[in-house]
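Reviewing the structure listed below.
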Amino acid sequence: MAARAELIGDVGENAPDRWEAPFGTDDVHIALSALASDAAQLGKELERARVAFEDTPGVQVIWQQDVHQLPTGRTTFGFRDGISHPNIEGVGLPGSNPRETPIKAGEFILGYPDETGSLPPMPSPDVLGRNGTYAAVRKIHTNVAARRQYLRANTSSAEEEALLAAKMVGRWPSGAPLTLTPEHDDPELAADPHRVNNFLYRENDDRGYRCPAGAHIRRTNPRDATIIGDARMHRLIRRGTTYGPPLPEGVLDDDGADRGLIGVFIGAHLERQFEFIKAEWVNDGNFIGYPGEKDPVAGHHGGTGTVTIPEKPVRRRLQNLPSFVVTRGGEYCFVPGLRALRWLAELED
Ligand code: HEM
């Protein structure tokens, strides 16, 4: 990923020479994630992993990141994540958005036809590549205090502040989408898996009066909105979680703690999926007619960003947006399928 940093906008304070070691070095060979429902179980899983590799010559742990879900179940910015996922053909599970026509499995899993009808290139031999995929792993620091200060300084009431925060994301903190509930949060709607992601943009909100075209979720998945190109060619499976302590509710001053998210962006075509979204949709505003604007949540603004909120009778344009996120590191990984893992294990014997 370090070699592609400029393309995806990792420059300045986000550049690889500022990354946390060992990100961006030649030393990273394997990434392993261990997930468990509580700390005791996690300890057991990590011990299993340690026993498995301790006798393997040349393998040592060079970095470890503790992650957790916050008690609120939300990201460090206070918004629920992990709601919208692509509807994948053949997986046998309903998509999160019933209005999304299923997307070819080959967009996400190697060895199957993709949306163009071709087979994405994969590692060989076949047993290694098939059923695998690629993942862009990122450590992203979030500047929660800077975001709270910006929202406070640019609004004149708690209601306005909450609305501006939601306009930047495209959802309310509960996850309820602005497209379906533009004036206020609706936790009941958010808790309903059949409704929380059941919307398109063109029908009710083409001009972005509810969810601005520049909002994070509308940029990263414009669905059927009027854009140049086809959003279906740029879909991602996302997995992620938070690290670091939450900044207590209402605190506006930075306490210096490192907090943020580990984001994992998965797909068979990272170039036209993760990299395209990052370079064209997050870091550029051409596709929505605001050339100088970047994603208000995930963009790198450096204090000079702008964001346009369509309103009647006149739109609102906010200036001097600072960066609310900093890239601390990232790697592109091949994710083998289960058969490939077994094959690799047998090779060793
Ligand atoms: C930088 C920190 C980031 C934060 C705090 C963040 C937070 C969020 C939140 C709260 C949502 C709404 C939940 C949902 O719809 O599932 C979301 C959705 C999404 N984000 Fe991010 N995100 C970040 C970075 C990124 C990046 C770098 C990308 C891609 C390059 C990305 C891609 C997406 C996508 C594709 C969606 C779903 C949009 C949809 O289908 O409607 N995010 N993100």
Side-chain angles (χ1 to χ4, degrees), residues 1 4 7-10 14 70 72-88 95-100 103 107-108 135-144 146-147 165-180 190 193 196-201 205 211 213 215-225 231-244 246 259-267 270-284 294-301 323-330 332:
M1 187 181 283
R4 315 274 291 172
L7 177 96
I8 58 173
D10 281 334
N14 308 282
L70 292 176
T72 53
R74 297 177 180 181
T75 62
T76 48
F77 286 141
F79 282 71
R80 185 176 147 213
D81 198 356
I83 301 164
S84 178
H85 305 290
N87 190 357
I88 306 170
S96 65
N97 181 1
R99 297 172 191 230
E100 182 173 57
I103 293 174
E107 289 292 310
F108 307 102
V137 180
R138 313 240 321 146
K139 178 171 179 178
I140 304 166
H141 169 80
T142 50
N143 196 341
V144 179
R147 187 162 189 274
K167 291 272 184 190
M168 289 185 179
V169 176
R171 292 188 186 273
W172 295 94
S174 71
L178 286 176
T179 307
L180 299 183
V196 67
N197 201 35
N198 190 346
F199 63 93
L200 296 173
Y201 292 114
D205 195 22
C211 177
H216 177 64
I217 67 159
R218 192 158 168 169
R219 279 175 174 267
T220 51
N221 179 14
R223 304 184 185 214
D224 66 332
R232 293 170 59 78
M233 303 301 286
H234 312 288
R235 301 290 283 122
L236 280 172
I237 295 177
R238 292 176 305 128
R239 288 292 181 272
T241 187
T242 54
Y243 73 86
R259 57 175 62 83
L261 63 128
I262 303 292
V264 183
F265 304 92
I266 299 165
L270 288 187
E271 193 174 0
R272 70 165 156 78
Q273 295 169 330
F274 171 73
E275 289 195 339
F276 179 92
I277 297 177
K278 192 72 177 39
E280 303 294 327
W281 288 351
V282 168
N283 284 334
D284 199 306
K294 298 177 183 175
D295 185 319
V297 177
H300 303 308
H301 308 281
S323 300
F324 302 128
V325 295
V326 183
T327 311
R328 287 278 154 89
Y332 288 140

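All ligand and atom numbering here is 1-based and tracks the order in the structure.
Taking the side chain as every heavy atom from C-beta outward, I237 and H85 never approach each other to under 4.5 Å. Two residues are said to be in side-chain contact when any heavy atoms from C-beta on lie closer than 4.5 Å; L200 and N97 meet this criterion. I277 is listed as a side-chain neighbour of V282, based on a closest heavy-atom distance under 4.5 Å. Residues R80 and R74 are in side-chain contact: their nearest non-hydrogen atoms beyond the backbone lie under 4.5 Å apart. The shortest distance between side-chain heavy atoms of T179 and Y201 falls below 4.5 Å.
Residue L261 touches ligand 1 through its side chain alone, judged by heavy-atom distances below 4.0 Å.
Taking the ring axis of Y332 as reference, the NZ or CZ atom of R4 does not stay both within 45° of it and closer than 6.0 Å to the ring centre. Figure legend: cation-pi geometry between R223 and F199, with NZ or CZ positioned under 6.0 Å from the six-membered ring centre and within 45° of its axis.
In summary, the atoms of ligand 1 found under 4.0 Å from a heavy atom of I277, numbered by their order in the structure, are 29 (C), 30 (C). Near F77, meaning under 4.0 Å from one of its heavy atoms, ligand 1 places the atoms 5 (C). Atoms of ligand 1 lying under 4.0 Å from at least one heavy atom of A298, given by number and element, are 1 (C), 24 (C). Interface atoms of ligand 1 facing I140, defined by a heavy-atom separation under 4.0 Å, are 1 (C). Residue V325 approaches ligand 1 through these ligand atoms, each under 4.0 Å from one of its heavy atoms: 1 (C), 2 (C).
Among all non-hydrogen protein atoms, the one lying nearest atom 28 (C) of ligand 1 is F265 CE2, 3.5 Å. In terms of protein heavy atoms, atom 39 (C) of ligand 1 is closest to S84 OG, 3.2 Å. Taking atom 25 (C) of ligand 1 as the reference point, the nearest protein heavy-atom neighbour is H216 CE1, 3.4 Å. Among protein heavy atoms, the minimum distance from atom 11 (C) of ligand 1 is reached at D81 OD1, 3.4 Å. Of the protein's non-hydrogen atoms, R171 NE, 3.0 Å is the one closest to atom 15 (O) of ligand 1. If you check which protein heavy atom lies closest to atom 12 (C) of ligand 1, you get I217 CG2, 3.7 Å.
Between N197 and ligand 1, no pair of N/O atoms sits closer than 3.5 Å. Any N or O atom pair closer than 3.5 Å counts here, and I83 shares at least one such pair with ligand 1. Ligand 1 has no N or O atom lying under 3.5 Å from any N or O atom of R80, backbone or side chain. Ligand 1 has an N or O atom lying under 3.5 Å from an N or O atom of R223, backbone or side chain. Ligand 1 has no N or O atom lying under 3.5 Å from any N or O atom of R235, backbone or side chain.
Ring geometry, W281 versus H234: the interplanar angle exceeds 60°, so the pair is classed perpendicular (tilted spans 30 to 60°).
Ion pairing of D224 with R99 is absent here, as no side-chain N (NZ or NE/NH1/NH2) approaches a carboxylate O to less than 4.0 Å.
With distances taken over non-hydrogen atoms, the option nearest atom 38 (C) of ligand 1 out of T220, V326, T76 is T220. Considering R238, H85, H300 only, the shortest heavy-atom separation from atom 19 (C) of ligand 1 involves R238.
Listed for the R272 side chain is a donor-acceptor partner under 3.5 Å among the backbone atoms of M233. No side-chain donor-acceptor contact under 3.5 Å links N221 to the backbone of A231.
Residue contact annotation: T75 has no non-hydrogen atom under 4.0 Å from ligand 1. In this structure, R74 has no heavy atom closer than 4.0 Å to ligand 1. Remark: distances from the non-hydrogen atoms of G263 to ligand 1 are all 4.0 Å or more.
Defined by atom type and a distance below 3.5 Å, a donor-acceptor pair is present between the side-chain atoms of R138 and T327. Between the side chains of N197 and R171, at least one donor N or O lies within less than 3.5 Å of an accepting N or O.
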